[in-house]
Protein chains: 2
Amino acid sequence: MADQTLPAQIADQLRRDILRGILRPGMSIKERDNADKLGVSRTPLREAVRILATEGLVELRPARSPIVSIPSVKQVADDVEVLLAIEKMSAELACARATEAEIDALAAIVDVMADRFDTVDAVEMFEIDMSFHAGLASAAHNPSLADIHSTFLSRLWRSRFLSAIQRRNRERVVDHHSQIVAALRARDTDAIRTALGAHLDRLAPDIINVITQEIEQASATADRKDDL
Amino acid sequence: MADQTLPAQIADQLRRDILRGILRPGMSIKERDNADKLGVSRTPLREAVRILATEGLVELRPARSPIVSIPSVKQVADDVEVLLAIEKMSAELACARATEAEIDALAAIVDVMADRFDTVDAVEMFEIDMSFHAGLASAAHNPSLADIHSTFLSRLWRSRFLSAIQRRNRERVVDHHSQIVAALRARDTDAIRTALGAHLDRLAPDIINVITQEIEQASATADRKDDL
DNA sequence: CGTTCAAATTTGGTATACCGAAATTTGTTG
DNA sequence: CAACAAATTTCGGTATACCAAATTTGAACG
């Protein structure tokens with residue numbers, strides 16, 4: 001975390017704060033205040049905010065403070081719809097193009113999942129899950145595709161996270177992923193479509209439920225003003 | 001073209017220059033020179049360059065001048081692969097979600113195509129074609145999807161343009177689009193998949209051919225140094 | 001004549017100063 | 001006391017100044 005550019009580092013910091021909930025949806029990100037707080041000047045902070053804007057995590061408004069995105073249910077549903085399509089496409093391509101080494105790496109991730117399922121906390125398990133799906137995307141050998149995959153993954157990171165920590169389902173976490181790896185090994189496009197479909201189609205309503213819940217909750221506490 | 005932000009206007013200007021070939025692939029975009037040339041300061045120009053970088057039209061290099069992207073054949077092929085998938089997905093969703101008014105608008109575009117096919121020049125016809133596909137994408141009623149669609153469309157703009165102007169095929173331009181609209185009207189998902197598939201699967205190799213050609217040609221004239 | 005190393009220049013990155021618009025606050029009036 | 005208007009403050013947008021890294025150039029030495 002050292003050799004990246006300064007704006008990228010700032011973006012990482014802000015992204016973490018947003019995803020961890022320290023910067024809550026709707027909060028404004030004032031250039032001067034945040035620049036001072038992070039000990040940098042407005043220019044790189046500004047650029048960092050633009051990076052997050054393209055990722056969909058913050059929202060730019062003309063002649064106004066950027067705010068942390070407060071995605072509507074519709075937006076989250078749209079994002080999920082796109083992410084699922086990208087992931088299915090990646091999986092099918094990976095079926096044809098993944099190297100044996102890449103499949104081995106994915107299998108190893110599933111092994112780790114199975115081993116640690118009962119011991120690690122939700123956050124760690126979630127990170128492992130993320131690495132599996134990122135690995136699947138890169139196994140499609142199409143960097144453009146992997147790029148937009150990671151964009152939508154980070155846009156939905158918080159939603160997925162909230163969804164994941166409230167439900168720990170061994171079947172989904174371990175079995176589904178095993179089936180995906182098995183289908184990859186067999187180079188069986190239909191099988192991977194089925195396996196991933198089962199995995200993801202269950203994920204979608206979960207995420208949307210969590211978000212719906214969070215938004216209702218937020219509007220209930222709507223008296224809170226956005227601070228600093 | 002007035003109320004946009006200054007960086008967006010600059011990005012538009014640069015994008016035009018890149019796509020029209022005035023700024024050729026490999027040319028460096030020096031901040032000071034271009035800022036002076038456009039009569040603005042470095043800050044908004046800098047931001048404009050970042051915009052184009054996220055669109056894939058320019059390439060940022062750490063501690064070096066940004067250069068106009070010179071996409072490899074592989075990159076173009078990857079982009080085409082993604083664009084096709086996005087467009088097929090959009091079409092299928094549009095089949096279920098497009099309003100009658102949206103379908104009418106698309107039909108009107110096809111009428112314009114048919115009417116003017118023999119009179120307008122390639123550039124204009126190309127613009128009409130672009131508006132059709134953009135309309136199709138927005139008829140899917142998923143802004144996230146429409147966003148990445150337009151990103152890949154602009155990333156491939158120049159390639160598609162070069163491909164389009166060298167081949168004018170009434171069958172493809174008019175008939176294919178008519179079939180797509182007909183399938184939309186009938187809400188026939190299979191039909192639209194077939195129609196769009198026929199349209200696009202022919203497009204892909206054309207684009208890749210043109211790019212392969214251009215790259216070979218460029219390496220043949222490799223003595224030219226990037227000026228300014 | 002070629003190679004190497006250092007000085008100068010170029011250039012992107014960052015900080016800061018300035019400007020105009022928008023919002024907030026304050027004061028006055030009905 | 002409420003409401004509207006003016007002044008002040010706040011804040012993003014833009015320009016500019018400064019800095020450090022990198023490239024280039026040229027001179028000196030082999």
Side-chain angles (χ1 to χ4, degrees), chain A residues 1-14 17-18 23-24 26-70 222-228, chain B residues 1-14 17-18 23-70 223-228:
Chain A
M1 208 260 271
D3 56 28
Q4 312 186 72
T5 69
L6 183 55
Q9 289 180 44
I10 299 171
D12 285 347
Q13 178 62 44
L14 290 176
D17 287 351
I18 293 172
L23 291 173
R24 290 200 308 259
M27 277 188 182
S28 61
I29 301 179
K30 300 196 204 299
E31 291 189 357
R32 275 169 245 261
D33 292 346
N34 285 73
D36 290 351
K37 192 184 303 179
L38 296 173
V40 298
S41 94
R42 284 175 60 204
T43 313
L45 181 118
R46 195 179 161 73
E47 192 167 321
V49 168
R50 305 303 155 131
I51 292 173
L52 297 177
T54 69
E55 292 177 5
L57 288 178
V58 309
E59 198 172 326
L60 300 176
R61 307 172 299 177
R64 289 288 252 304
S65 280
I67 60 171
V68 178
S69 288
I70 175 164
D223 46 271
R224 289 264 316 128
K225 284 305 219 180
D226 53 334
D227 37 303
L228 178 49
Chain B
M1 207 259 272
D3 57 29
Q4 313 186 71
T5 68
L6 182 55
Q9 289 180 44
I10 298 171
D12 285 348
Q13 178 62 45
L14 291 176
D17 287 350
I18 292 172
L23 291 173
R24 290 201 306 262
M27 276 188 182
S28 59
I29 301 179
K30 303 197 203 296
E31 290 188 358
R32 273 168 248 262
D33 292 346
N34 284 74
D36 289 352
K37 192 185 302 178
L38 296 174
V40 298
S41 93
R42 286 175 59 203
T43 313
L45 180 117
R46 196 179 161 75
E47 193 168 320
V49 169
R50 305 303 155 131
I51 293 172
L52 297 177
T54 70
E55 292 177 5
L57 288 179
V58 309
E59 198 173 326
L60 299 177
R61 307 171 298 177
R64 288 289 250 305
S65 279
I67 61 172
V68 179
S69 288
I70 174 165
D223 46 272
R224 290 266 314 129
K225 285 304 223 180
D226 52 336
D227 36 305
L228 176 52

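Order of the sequence lines sets the chain letters (A, B, ...), proteins ahead of strands, with each chain counted from 1. Note that this is a predicted model, so its numbers are computed, not measured.
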Check: In chain order, what residues pass the side-chain contact (heavy atoms from CB on, under 4.5 Å) check against A/D17, with sequence neighbours excluded?
Finding: A/Q13, A/I22, A/L23
Next item on the list: Report the residue (A/S41 or B/E31) whose heavy-atom-nearest nucleotide on DNA chain C is the more 5′ of the two.
Entry: B/E31
Next item on the list: Please state whether the phosphate of C/dG13, meaning OP1 or OP2, lies under 4.0 angstrom from any side-chain nitrogen or oxygen of A/T5.
Entry: no
Checklist line | Residues that B/R42 engages under salt bridge (Lys or Arg N to Asp or Glu O under 4.0 Å), provided they are two or more places apart | finding: B/E31
Notebook entry, point to check: Can you give one letter per nucleotide of nucleotides 18-23 of chain C, going 5' to 3': B for a protein heavy atom under 4.0 Å from the base, S for sugar-phosphate only, - for none?
Noted result: -----S
Next item on the list: Please report, rounded to the nearest Å, how far the C1' atom of C/dG13 is from the CD1 atom of B/I29.
Entry: 17 Å
Notebook entry, point to check: Between residues 45-57 of chain A and DNA chain D, which residues have a heavy-atom gap below 4.0 Å?
Noted result: A/R46, A/R50
Note to self: For the CD atom of B/E47 and the CZ atom of A/R50, what is their distance to the nearest 0.5 Å?
What the structure shows: 4.0 Å
Next item on the list: Decide yes or no for A/N34 and A/V49: does some side-chain heavy atom of the first lie under 4.5 Å from some side-chain heavy atom of the second?
Entry: no
Checklist line | Those residues that, when tested against A/E55, pass side-chain contact (heavy atoms from CB on, under 4.5 Å) (two or more places apart) | finding: A/R15, A/I51, A/L52, A/L57, A/S154
Check: So, for B/P7 and B/A48, which heavy atoms are closest and what is the spacing to 0.1 Å?
Finding: O-CB, 3.4 Å
Notebook entry, point to check: Reading DNA chain D 5' to 3', which nucleotide is the first, and which the last, to come under 4.0 Å of any heavy atom in chain B?
Noted result: D/dT14 to D/dT23
Residues 59-67 of chain B side chain polar contacts: donor-acceptor under 3.5 Å, at least two apart:
from	atom 1	to	atom 2	distance (Å)
B/R61	NE	B/S65	O	2.8
B/R61	NH2	B/S65	O	2.7

Checklist line | Residues in side-chain contact (heavy atoms from CB on, under 4.5 Å) contact with B/L6, at least two apart in sequence or another chain | finding: B/I10, B/V40, B/P44
